[in-house]
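I have a structure here, written as structure tokens, and I will follow up with some questions on it.
A, B, ... follow the sequence lines: proteins, then strands. Residue 1 opens every chain.
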Protein chains: 2
Amino acid sequence: MTPSKPIVPSAAPDPYKERILEAARELFTANGLEAVNMYAIAKRAGIGQGSLYRRFSDKGEICSLLLRDSTDRFLLSLENELALPQADKAALDHLRSSISRIVGFIEQHAELLQLIKSEFTGKKQLTQFEHPFFRRLNEFLTQLLRRAAAGGEISPVDPQFTATALIAVLSPDLYLYQMKQHGSTKEQITDGIFALFVTGIQKGQ
Amino acid sequence: MTPSKPIVPSAAPDPYKERILEAARELFTANGLEAVNMYAIAKRAGIGQGSLYRRFSDKGEICSLLLRDSTDRFLLSLENELALPQADKAALDHLRSSISRIVGFIEQHAELLQLIKSEFTGKKQLTQFEHPFFRRLNEFLTQLLRRAAAGGEISPVDPQFTATALIAVLSPDLYLYQMKQHGSTKEQITDGIFALFVTGIQKGQ
DNA sequence: GGATTATACGGACAATTGTCCGCAAACACA
DNA sequence: TGTGTTTGCGGACAATTGTCCGTATAATCC
């Protein structure tokens with residue numbers, strides 16, 4: 001039994017992955033996302049294309065992992081709040097503040113998220129909603145909506161569908177479109193979402 | 001001056017386009033959308049790849065044109081209703097029935113629309129909202145929402161943003177996801193959208 | 001009507017993606 | 001330590017996309 005790897009699996013899970021991510025990060029920051037291809041990443045990492053594709057089937061997966069730290073921290077911070085004891089009737093306020101934070105996150109990483117999404121939906125026959133990030137976000141939002149429903153805060157909507165619809169509206173695609181085509185600000189977009197997904201489903205009034 | 005072409009420009013705008021669309025249609029129905037590539041379409045149409053790419057930069061554009069008849073007829077029928085004299089306070093009902101019809105259309109052409117969308121957003125730096133079909137749908141929905149706002153039927157939301165959000169929710173992506181992952185029916189999806197985009201923005205109650 | 005310019009066809013070619021397999025290093029077992 | 005097995009590296013290669021340019025045909029102009 002070799003004590004180098006089996007004992008601490010997190011210490012060196014795959015040295016190649018690190019080198020690939022390092023190479024990708026360097027090339028991305030130097031040339032932009034679009035200008036970098038898989039061959040160049042393999043070359044830069046000093047490995048063969050086969051070894052690269054064995055780990056990442058496309059650029060989107062590399063970007064996903066580059067964002068992994070950020071997304072994990074972000075999702076965890078959302079999820080942790082969910083575990084805290086809440087005052088009654090606070091779920092909708094909680095939803096409102098979560099949406100604000102999510103829009104902020106989308107804004108911060110719009111370009112990378114957009115590429116991840118297009119690669120993810122392009123190859124594979126998948127929808128954006130099946131990506132781990134959106135899947136986890138969906139679970140979070142569904143739970144929040146269920147809580148609001150249980151507390152009688154909202155009219156009887158389907159929490160699962162509403163969460164998915166909310167994610168569709170929170171997608172980087174819509175964000176980038178509103179910015180580019182209509183010069184919307186982050187605040188305008190957030191308010192627009194509030195109107196539909198907070199005020200709109202609020203019970204009474 | 002040759003009297004063959006200039007006089008009736010609609011008679012033979014581009015004989016090649018017809019042959020390409022014909023070839024594509026045949027190959028698509030025979031082998032499915034995914035299995036057909038641009039080279040095969042050019043070969044089948046009996047032309048060079050250059051001539052094909054001069055007219056269609058990718059498969060998505062070919063699909064767009066294959067759907068063109070359907071989309072045109074559909075959008076025109078929506079738009080024509082808008083021109084009809086309406087009773088006051090009918091805009092929201094009109095929106096409701098339009099949503100139903102749009103969901104039906106999405107359902108009918110989900111696969112093609114999905115491919116059009118992914119090609120359109122993949123190459124080019126465009127969002128789905130910039131595709132002519134969604135652009136026109138957006139204008140239609142915006143106008144309907146403006147009318148509802150003018151009639152005091154809805155709370156003061158931004159019609160333009162709300163229309164875009166509605167389109168995000170009406171995208172084939174969400175439709176296919178709900179069907180595949182949650183076994184939703186067309187009716188459940190339609191009801192979910194009604195709750196957010198009709199009942200939700202309705203004024204009073 | 002002969003010369004010049006414009007148009008556009010189509011296949012060769014470059015670029016990129018993704019796969020496959022020969023080969024070598026690591027491992028397992030006796 | 002020798003032998004058989006497994007793993008996985010990496011580059012050659014196939015597949016596909018998209019571009020480019022030599023060339024033929026049509027239009028325009030003396």
Y16(B) has its side chain closest, among dC13(D), dC9(C), dC9(D), to dC9(C)

Any chance CZ of R101(A) has more than 12 other-residue heavy atoms, nucleotides or ligands included, within less than 6.0 Å? yes

When the distance from CD1 of I41(A) to C1' of dT16(C) is rounded to whole Å, what number comes out? 12 Å

Separation of Y53(B) atom OH from dC21(D) atom C1', in whole Å? 17 Å

Would you mind reading off the distance between N37(B) atom CG and dT17(C) atom P, rounded to a whole angstrom? 17 Å

Mind checking whether F129(A) and F134(A) have ring centres under 6.0 Å apart? no

Rounded interatomic separation in angstrom, taking CD1 from I20(A) and C1' from dC9(D): 12 Å

Taking for each residue the nucleotide of DNA chain C with the nearest heavy atom, is it V36(A) or G50(A) whose nucleotide lies nearer the 5' end? V36(A)

Interatomic distance where CD belongs to E61(B) and P belongs to dT17(D) [whole Å]: 14 Å

Protein-nucleotide distance (E119(A), atom CD; dG18(C), atom P), rounded to Å: 7 Å

Check whether K117(B) reaches the backbone of G60(B) with its side chain - one donor and one acceptor, N or O, closer than 3.5 Å. no

Would the Y177(B) and H182(B) ring centres measure less than 6.0 Å apart? yes

Measuring to OP1 and OP2 of dT16(D), would you say a side-chain N or O of Y39(B) lies under 4.0 angstrom away? no

Inspect the contact between R146(B) and E139(B) and indicate whether a charged nitrogen and a carboxylate oxygen are less than 4.0 angstrom apart. no

Rounded to the Å, how far apart are M38(A) CE and dC13(D) P? 21 Å

Counting just side-chain N and O atoms, does S51(B) come under 4.0 Å of either OP1 or OP2 of dG10(C)? yes

Kindly point out which of dC9(D), dG10(D), dT19(D) is positioned nearest to the side chain of R55(A)? dC9(D)

Send over the distance from I47(B) CD1 to dA24(D) P, rounded to a whole Å. 20 Å

Using only side-chain N and O atoms of K123(A), determine if any of them is under 4.0 Å from OP1 or OP2 of dG18(C). yes

With distance as the sole criterion, do the side chain of R54(A) and the base of dG10(D) form a donor-acceptor contact below 3.5 Å? yes

